There are 2 protein chains.
Amino acid sequence: MKNLTDRQTEILEFIQRTLRDSGVPPTRVDICAEFGFSSPNAAEGHLKAIAAKGYIELMRHSRGIRLLVEQDAPLTNQYELPLIGNIAAGQPIMAEENIEETVRIDPELFHPRADFLHRVSGHSMKEVGILDGDLVGIHYQPDADNGQIIAAAIYDRRSGREGITLKRYFRRGNKIRLESENSDPEYTTIEIDLVQQDEDSQEAAQFRIAGLYAGLIRRPR
Amino acid sequence: MKNLTDRQTEILEFIQRTLRDSGVPPTRVDICAEFGFSSPNAAEGHLKAIAAKGYIELMRHSRGIRLLVEQDAPLTNQYELPLIGNIAAGQPIMAEENIEETVRIDPELFHPRADFLHRVSGHSMKEVGILDGDLVGIHYQPDADNGQIIAAAIYDRRSGREGITLKRYFRRGNKIRLESENSDPEYTTIEIDLVQQDEDSQEAAQFRIAGLYAGLIRRPR
DNA sequence: TACAGTAGTGTATGAACATACAGTATCACT
DNA sequence: AGTGATACTGTATGTTCATACACTACTGTA
């Protein structure tokens with residue numbers, strides 16, 4: 001969360017004080033009176049800035065100011081999942097280096113239970129309602145059944161990292177097929193031959209199953 | 001302290017609920033809307049009676065209602081959201097009767113913060129990746145901007161309940177348009193004339209905004 | 001029977017409020 | 001030298017809000 005300026009902090013504290021003392025948020029005019037402003041627009045500007053930084057929410061009715069910061073310390077709970085972007089070479093998925101963010105969410109919300117989250121990039125799964133930017137819950141599991149949606153970890157030689165992509169998984173013998181859920185022809189099916197991959201690990205697309213798709217969260221904006 | 005009448009208790013509870021859910025006390029008009037009064041003076045009378053009995057204090061400015069009784073423990077704790085199906089006649093949204101389930105999730109995960117969840121039924125929002133069975137986070141807010149996705153509470157005369165549906169909201173003057181996000185022709189646009197709705201409440205589709213769409217959770221299976 | 005309390009409708013009005021637009025000035029950063 | 005963020009003044013407007021007045025109707029009670 002972005003830092004407030006000194007003035008904005010003073011104003012936020014005044015809102016907290018007013019709320020605590022009177023039970024009602026202040027109006028723009030109240031703020032002007034407190035700080036000696038002669039224009040309600042001074043207060044309006046500060047409120048918008050504080051709201052833009054995420055400390056309060058402005059509702060459009062009188063005294064519509066809602067605090068989004070708790071006065072007391074937030075609860076610590078164990079319902080957190082790491083958000084994993086791509087994976088550094090040689091590192092386990094959950095290595096701290098790979099964690100972009102920690103999201104407070106109950107792993108049991110998903111089925112099967114999620115071990116980590118991944119932010120979807122692109123529209124390859126559009127047809128099953130998984131969109132760019134969505135956070136998907138992934139259940140760590142190194143194999144999958146035919147037709148299941150998996151998080152595929154695909155090695156990229158240029159970056160030396162593994163990128164995670166959602167794909168629908170099919171295997172017949174040693175041939176693996178990773179399909180997108182988007183009829184647009186640009187979303188091609190990836191085909192991998194396990195024998196080839198083993199024999200010539202420099203050459204073919206290196207691939208493994210990072211886990212099973214177990215649900216998603218969408219946070220607009 | 002003198003006892004409150006049943007009606008006065010209901011109103012006091014509504015004030016407590018509004019404060020808890022939105023952080024701001026209700027206006028007289030809010031109370032009228034909640035209880036179906038047609039005159040703000042009905043609310044005013046109740047407030048004066050409740051104040052005279054010492055349960056609240058009235059300050060003479062907008063929303064100047066201060067609770068003088070302990071606010072009982074919140075129904076939902078910080079990291080839980082109620083899952084609301086449809087709404088029993090005359091009940092506030094958050095009434096226990098309407099809660100199907102409680103889901104452990106951080107309301108701040110969504111933007112704007114979610115006040116309750118709703119399970120999507122049908123495919124009317126398929127084109128924006130909202131599918132049947134998804135749980136959507138709803139931010140309690142009685143109005144919306146054009147083009148926003150809202151949870152519309154539409155009264156069903158047969159069941160006597162309000163059903164919640166996601167729609168894209170447009171308003172021009174007194175005409176409201178509720179659009180689906182599915183090009184299939186079976187998903188028609190609902191049009192409502194506010195004037196008609198007021199004049200002939202038996203006839204026209206009764207409708208209100210239950211809140212803003214604020215994100216979703218998908219739990220497969 | 002009368003009276004006080006409760007529960008409303010209906011109308012009206014002025015003050016309180018949020019908020020938009022048009023400016024000015026300072027400061028840090030590029 | 002130019003741009004964006006901050007921190008205001010000043011004015012204006014339309015809506016929201018509290019609240020007063022007048023009136024109906026039901027209920028328990030002294």
Side-chain angles (χ1 to χ4, degrees), chain A residues 1-15 18-19 22-66, chain B residues 1-15 18-19 22-66 90 141-146 171-174 194 198-199 201 209:
Chain A
M1 196 142 56
K2 280 188 77 177
N3 282 339
L4 296 180
T5 66
D6 290 349
R7 202 51 159 166
Q8 288 165 359
T9 304
E10 281 177 22
I11 289 177
L12 180 59
E13 283 167 357
F14 173 64
I15 296 167
T18 305
L19 214 39
S22 79
V24 181
T27 65
R28 275 62 170 168
V29 172
D30 291 343
I31 295 171
C32 290
E34 174 73 13
F35 293 93
F37 303 155
S38 64
S39 167
N41 198 38
E44 179 74 14
H46 282 301
L47 290 178
K48 284 199 175 131
I50 299 170
K53 290 178 178 175
Y55 290 79
I56 59 173
E57 180 195 347
L58 295 178
M59 296 171 283
R60 31 165 180 245
H61 59 238
S62 72
R63 297 171 189 270
I65 303 173
R66 178 194 243 172
Chain B
M1 198 144 49
K2 281 189 78 175
N3 281 340
L4 295 179
T5 66
D6 289 351
R7 203 50 159 164
Q8 288 165 359
T9 303
E10 281 177 23
I11 290 178
L12 180 58
E13 283 168 356
F14 173 65
I15 296 167
T18 305
L19 259 168
S22 79
V24 181
T27 65
R28 273 64 169 170
V29 173
D30 291 342
I31 294 171
C32 290
E34 176 71 14
F35 293 94
F37 302 155
S38 64
S39 167
N41 199 39
E44 178 74 15
H46 282 301
L47 291 178
K48 285 202 173 131
I50 299 169
K53 290 178 178 177
Y55 290 79
I56 58 174
E57 180 194 344
L58 294 178
M59 295 171 282
R60 50 178 171 299
H61 59 239
S62 73
R63 298 171 189 271
I65 302 172
R66 173 193 243 165
Q141 181 175 303
D143 48 41
D145 290 333
N146 274 342
R171 173 171 180 176
R172 187 175 296 170
N174 286 317
L194 283 182
D198 281 351
E199 281 175 4
S201 57
I209 298 178

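In what follows, chains carry the letters A, B, and so on, assigned in the order in which the sequence lines appear, proteins first and then strands, with residues in each chain numbered from 1. This one's a predicted model, so the numbers in the text were calculated from it and none came from an experiment.
With sequence neighbours left out, the salt bridge (charged side-chain N to carboxylate O under 4.0 Å, His left out) criterion links A:Glu44 to A:Arg28, A:Lys48. Residues forming a side-chain contact (heavy atoms from CB on, under 4.5 Å) with B:Glu10 (at least two apart in sequence, or on another chain): B:Arg7, B:Phe35.
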Reading nucleotides 14-30 of chain D from the 5' end, what letters show protein touch, with B for base, S for backbone sugar-phosphate only, - for no heavy atom under 4.0 Å? ---SSBSBB--------
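The two atoms that bring B:Leu19 and A:Gly23 nearest to each other are CD2-O, 4.1 Å, heavy atoms only. A:Ser62 approaches B:Val24 most closely through the heavy-atom pair O-CG1, 4.3 Å.
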What are the atom names and distances for every N/O pair under 3.5 Å that joins the protein to nucleotides 4-7 of chain D?
{"residue": "D:dT6", "atom": "OP1", "partner": "A:Lys53", "partner atom": "NZ", "Å": "3.3"}
{"residue": "D:dA7", "atom": "OP1", "partner": "A:Thr5", "partner atom": "OG1", "Å": "3.2"}
{"residue": "D:dA7", "atom": "OP2", "partner": "A:Thr5", "partner atom": "OG1", "Å": "3.1"}

Restricting both atoms to N or O, compile the protein contacts to nucleotides 27-30 of chain C shorter than 3.5 Å, with distance only.
none

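Looking at A:His61 and B:Asp30, their side chains never come closer than 4.5 Å, going by heavy atoms from C-beta outward.
To the nearest angstrom, P of C:dT19 lies 9 Å from CG of A:Leu47. Taking atom CD on B:Glu34 and atom P on C:dG8, their separation rounds to 13 Å, with Å as the unit.
Terminal axes of the helix from C:dT1-D:dA30 to C:dT30-D:dA1 (five pairs each, C1' rotation axis) are separated by 30°, to the nearest 10°.
Counting heavy-atom neighbours within 6.0 Å of B:Asn146 CG, excluding the residue itself, gives a total above 12.
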